[in-house]
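For reference, the structure is listed below as structure tokens.
Chain identifiers are assigned alphabetically (A, B, ...) following the order of the sequence lines, protein sequences preceding nucleic acid strands; residue numbering begins at 1 within each chain.
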Amino acid sequence: MTEYNFFTNVYDVARQIPSGRVTSYGAIASYLGAKRSSRVVGYAMQVAGSVKPPVPAHRVVNRLGQLTAATHFGGNTMAQLLESEGVTVIKDQIQDFDKVFLDPTVELAL
DNA sequence: GTCGTGACATCTT
DNA sequence: AAAGATGCCACGA
């Protein structure tokens, strides 16, 4: 009995994000058909570290491309991971965000 | 069981 | 056009 919550749905999409790519809350929310529920998407990421399988929350950032999640990760760990995947991140700010940005409604266009 | 807060975004005035 | 207010779901106390 899989608890199909909005969270679970977000995790599913986030796990479909390839390495070196990033997405925004609104994009995922929109993909799920709940644009205004962007807040819930963000909260899902918070618990993402407590969910199975682990979700690459470091690939999910806000609309500005800022690693706002780093606050919960406990440091710059998130930025280091992104750089490790080929994403340039400076001071919790993704560079070339337009290039690494991936839209689930486009790439994952179901 | 109820109230409030939270990795944001969108809609309205 | 910009600024302000609202909305959504889940979890914590």
Side-chain angles (χ1 to χ4, degrees):
Chain A
M1 50 32 84
T2 324
E3 292 119 71
Y4 275 98
N5 305 340
F6 203 92
F7 281 35
T8 317
N9 230 6
V10 176
Y11 302 143
D12 187 49
V13 178
R15 283 194 282 99
Q16 293 173 55
I17 302 174
S19 71
R21 283 277 140 42
V22 189
T23 188
S24 59
Y25 303 103
I28 298 175
S30 180
Y31 179 71
L32 300 175
K35 312 178 182 186
R36 306 179 186 170
S37 302
S38 45
R39 292 172 61 160
V40 188
V41 178
Y43 208 95
M45 294 288 117
Q46 181 189 328
V47 249
S50 307
V51 182
K52 303 164 300 184
V55 181
H58 59 274
R59 289 183 193 157
V60 184
V61 296
N62 63 6
R63 219 189 112 328
L64 308 173
Q66 292 184 267
L67 305 183
T68 43
T71 308
H72 291 275
F73 265 74
N76 49 350
T77 309
M78 191 171 173
Q80 299 301 307
L81 283 170
L82 284 169
E83 289 189 352
S84 181
E85 296 195 342
V87 181
T88 310
V89 181
I90 301 176
K91 198 171 173 293
D92 294 345
Q93 173 63 45
I94 296 180
Q95 305 304 309
D96 298 307
F97 180 60
D98 319 350
K99 301 178 181 180
V100 296
F101 179 69
L102 182 72
D103 249 344
T105 62
V106 177
E107 305 287 333
L108 301 179
L110 192 52

Using residues 45-56 of chain A as the side-chain source, report each donor-acceptor pair under 3.5 Å to any protein atom, sequence neighbours left out, with the distance given to one decimal.
none

*asked:* At 4.0 Å (heavy atoms only), tell me whether A:Ala57 reaches a base, stays on the sugar-phosphate, or touches nothing.
replied: base
*Whichever of A:Phe7 and A:Ser38 has its nearest DNA chain C nucleotide further upstream toward 5'*: A:Ser38
_Assuming nearest nucleotide by heavy-atom distance, tell me which of A:Ser37 and A:Val47 is located more 5' along DNA chain C._
A:Ser37
*Looking only at side-chain atoms of A:Arg36, point me to the closest of B:dC11, B:dA9, B:dG6.*
B:dC11
*What pairs meet the side-chain hydrogen bond (donor to acceptor under 3.5 Å, both in side chains) rule with one or both residues in residues 13-25 of chain A, with sequence neighbours excluded?*
A:Asp12-A:Gln16
*5' to 3' on DNA chain C, which nucleotides open and close the contacts with chain A (atom under 4.0 Å from a heavy atom)?*
C:dG7 to C:dC11
*Residues two or more places apart in sequence or in another chain: which of them pass salt bridge (Lys or Arg N to Asp or Glu O under 4.0 Å) with A:Glu85?*
A:Arg59
Just the rounded figure in Å: distance from [atom2] of [N] to [atom1] of [X].
X       : N      : atom1 : atom2 : result
A:Tyr43 : B:dG6  : OH    : C1'   : 6 Å
A:Ile28 : B:dC8  : CD1   : P     : 13 Å
A:Arg39 : B:dG6  : CZ    : C1'   : 6 Å
A:Arg63 : B:dC11 : CZ    : C1'   : 14 Å

Side-chain polar contacts of residues 33-43 of chain A - donor-acceptor pairs under 3.5 angstrom, sequence neighbours left out - could you list them?
none

*Evaluate the ring planes of A:Phe97 and A:Phe101, with Trp represented by its six-membered ring, and classify them as parallel (under 30°), tilted (30 to 60°) or perpendicular (over 60°).*
tilted
Output side-chain donor-acceptor pairs under 3.5 Å for residues 87-95 of chain A, partner residues at least two apart or in another chain, one line each.
unit_1	atom_1	unit_2	atom_2	d
A:Gln93	NE2	A:Leu64	O	3.2
A:Gln95	NE2	A:Gln93	O	3.0

*A:Tyr25 or A:Lys35: which one's nearest nucleotide on DNA chain B is closer to the 5' end?*
A:Tyr25
